[in-house]
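Take a look at the structure below.
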Amino acid sequence: MITLDLGCGGNPKNPYQAREVWGIDFYSDSDKNIKGADLAIDPIPFPDNYFNFVTAYDLIEHIPRVLYVPTRRNPFIELMSEIFRVLKPDGFFYSHTPAFPHAAAFMDPTHVNIITEGTFGLYFGDTSATSPWGVIYGFKGQFKLVEERWDGPHLATLLQKK
């Protein structure tokens, strides 16, 4: 089992007790298996179908929904496609992010992506009557919404790659 923690800071988290743990942050640290990437503009620097688990603690709210660099891009949609790409079939993505309607979602000026109940299920999952709504913006994939619950002001969401 292999896990990837996005926006890991100095120590990648391993909530699923995987035997191999990787992290991504703005800097690299080969001693701690951390690769450097700006996930608002860079792809995840790993091959397809590599991880059993991908986690993102307090990261998704920092990924812009739209950028013009120099043409229009949808970084949040692109990141979700990248997460889908690097997960093995039946792999899991866990997000833990401050969300609407809690003030924590808005207080930090670097929070540029406000998540709500329904964002993950409707745009990237199987709770829409048709394909995920994110497809119209370029999302490639479809997750199964396994669980969504509140943890204080954080929305904890577990998605599984279909």
Side-chain angles (χ1 to χ4, degrees), residues 1-65 74-99 104-105 108 110-113 115-127 131-132 134-135 138-162:
M1 303 288 239
I2 307 172
T3 193
L4 173 64
D5 187 30
L6 304 177
C8 66
N11 293 300
K13 293 170 189 62
N14 185 14
Y16 297 102
Q17 304 306 307
R19 65 174 165 71
E20 187 176 336
V21 181
W22 288 89
I24 295 178
D25 214 296
F26 287 116
Y27 64 93
S28 295
D29 185 338
S30 59
D31 292 337
K32 293 185 178 181
N33 284 353
I34 299 172
K35 290 196 175 193
D38 181 343
L39 295 174
I41 56 175
D42 297 325
I44 294 175
F46 288 94
D48 297 357
N49 304 309
Y50 191 77
F51 294 99
N52 302 95
F53 309 102
V54 175
T55 59
Y57 292 85
D58 295 294
L59 170 79
I60 296 294
E61 69 276 13
H62 298 279
I63 303 299
R65 289 181 180 245
N74 297 300
F76 178 43
I77 300 291
E78 292 170 10
L79 178 59
M80 292 303 295
S81 291
E82 281 292 291
I83 292 166
F84 188 87
R85 179 186 66 77
V86 300
L87 275 171
K88 291 180 179 180
D90 298 320
F92 290 94
F93 171 57
Y94 176 76
S95 170
H96 189 264
T97 186
D108 184 335
T110 67
H111 290 183
V112 294
N113 185 5
I115 301 299
T116 69
E117 287 181 23
T119 297
F120 288 107
L122 289 171
Y123 281 82
F124 310 107
D126 56 358
T127 60
S131 63
V135 169
F139 175 61
K140 296 171 181 73
Q142 184 172 16
F143 289 101
K144 173 185 176 190
L145 178 61
V146 176
E147 179 184 14
E148 195 162 65
R149 64 178 172 74
W150 286 100
D151 181 16
H154 288 78
L155 188 61
T157 306
L158 183 63
L159 302 171
Q160 185 175 24
K161 182 175 179 175
K162 285 184 148 188

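Just so you know, these numbers use all the heavy atoms, side chains as well, and skip hydrogens, waters and symmetry mates. We number each residue from 1, following the sequence as shown.
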task = List for me each residue that meets ring pair (Phe, Tyr, Trp, His ring centres under 6.0 Å) alongside F26, sequence neighbours excluded, and say none if there are none.
result = none

key: side-chain hydrogen bond (donor to acceptor under 3.5 Å, both in side chains) partners for T127, two or more places apart   = none

Residues in side-chain contact (heavy atoms from CB on, under 4.5 Å) contact with P43, at least two apart in sequence or another chain = E82

remark   = Between the CD1 atom in I77 and the NZ atom in K140, the distance rounded to the nearest 0.5 Å is 10.5 Å

Counting only pairs under 3.5 Å, give me each side-chain donor-acceptor contact of residues 155-162, with atom names and distances, residues two or more places apart or in other chains.
from : atom 1 : to   : atom 2 : distance (Å)
T157 : OG1    : E148 : OE2    : 3.0
Q160 : NE2    : D90  : O      : 3.0
K161 : NZ     : N49  : OD1    : 2.8
K161 : NZ     : F84  : O      : 2.9
K161 : NZ     : L87  : O      : 2.6

query = Would you say F139 and N74 make side-chain contact, with heavy atoms under 4.5 Å?
reply = no

ask   = Are I44 and L39 close enough, and set up right, to give a side-chain contact (heavy atoms from CB on, under 4.5 Å), and what steps lead you there?
value = CA-CA 7 Å; I44 294 175; L39 295 174; 4.0 Å; yes

task = For F120, check ring pair (Phe, Tyr, Trp, His ring centres under 6.0 Å) against everything at least two apart and list the hits.
result = none

inquiry  = Taking ring pair (Phe, Tyr, Trp, His ring centres under 6.0 Å) as the definition, give me every residue that meets it alongside Y57, ordered by chain and number, with sequence neighbours left out.
reply    = Y94, H96

remark   = d(N52 CG, T3 OG1) to nearest 0.5 Å is 8.0 Å

query = How long is the span from the CD atom in E20 to the CZ atom in F51, to the nearest 0.5 Å?
reply = 7.5 Å

ask   = Within a reach of under 6.0 Å around NZ of K144, are more than 12 heavy atoms found that belong to other residues, nucleotides or ligands?
value = no

remark   = D151 meets the salt bridge (Lys or Arg N to Asp or Glu O under 4.0 Å) criterion, sequence neighbours left out, with none

ask   = Should H111 and H62 be marked as a side-chain contact (heavy atoms from CB on, under 4.5 Å) after you check the CA-CA gap, both sets of side-chain angles, and the distance that decides it?
value = CA-CA 5 Å; H111 290 183; H62 298 279; 3.3 Å; yes

query = Would F124 and F76 count as a ring pair (Phe, Tyr, Trp, His ring centres under 6.0 Å) if you check the C-alpha gap in whole Å, the side-chain angles of each, and the deciding distance to 0.1 Å?
reply = CA-CA 11 Å; F124 310 107; F76 178 43; 5.2 Å; yes

query = What pairs of residues pass the salt bridge (Lys or Arg N to Asp or Glu O under 4.0 Å) test when at least one of them lies in residues 36-57, not counting sequence neighbours?
reply = D48-R85

inquiry  = I'd like to check the side-chain hydrogen bond (donor to acceptor under 3.5 Å, both in side chains) partners of N113; sequence neighbours left out, ordered by chain and number.
reply    = R65

Would you be so kind as to tabulate the donor-acceptor pairs closer than 3.5 Å made by side chains of residues 30-37, with sequence neighbours excluded?
from : atom 1 : to  : atom 2 : distance (Å)
K32  : NZ     : G10 : O      : 3.2
N33  : ND2    : V21 : O      : 3.2
K35  : NZ     : P45 : O      : 3.4

ask   = side-chain contact (heavy atoms from CB on, under 4.5 Å) with S28: which residues, sequence neighbours excluded?
value = none

Spacing of CD1 belonging to I2 relative to OH belonging to Y50, to within rounding of 0.5 Å = 4.5 Å

key: CA sep, side-chain torsions, deciding dist, call: L4, F46, side-chain contact (heavy atoms from CB on, under 4.5 Å)   = CA-CA 10 Å; L4 173 64; F46 288 94; 3.9 Å; yes

Side chain to side chain, I24 and C8, heavy atoms closer than 4.5 Å = no

task = Check whether any side-chain N or O of Y27 sits under 3.5 Å from a backbone N or O of G9 as a donor-acceptor pair, and report yes or no.
result = yes

task = Sequence neighbours left out, what passes side-chain hydrogen bond (donor to acceptor under 3.5 Å, both in side chains) with S95? Give chain and number order.
result = none

task = Take L59 and T97 through the side-chain contact (heavy atoms from CB on, under 4.5 Å) test and state the conclusion after the steps.
result = CA-CA 7 Å; L59 170 79; T97 186; over 6 Å; no

message = Could you tell me if the side chain of I41 sits less than 4.5 Å from the side chain of E78, heavy atoms only?
response = no

ask   = Could you give the distance from CD (E117) to CH2 (W150), rounded to the nearest 0.5 Å?
value = 5.5 Å

ask   = What distance separates Y16 OH from D5 CG, expressed to the nearest 0.5 Å?
value = 11.0 Å

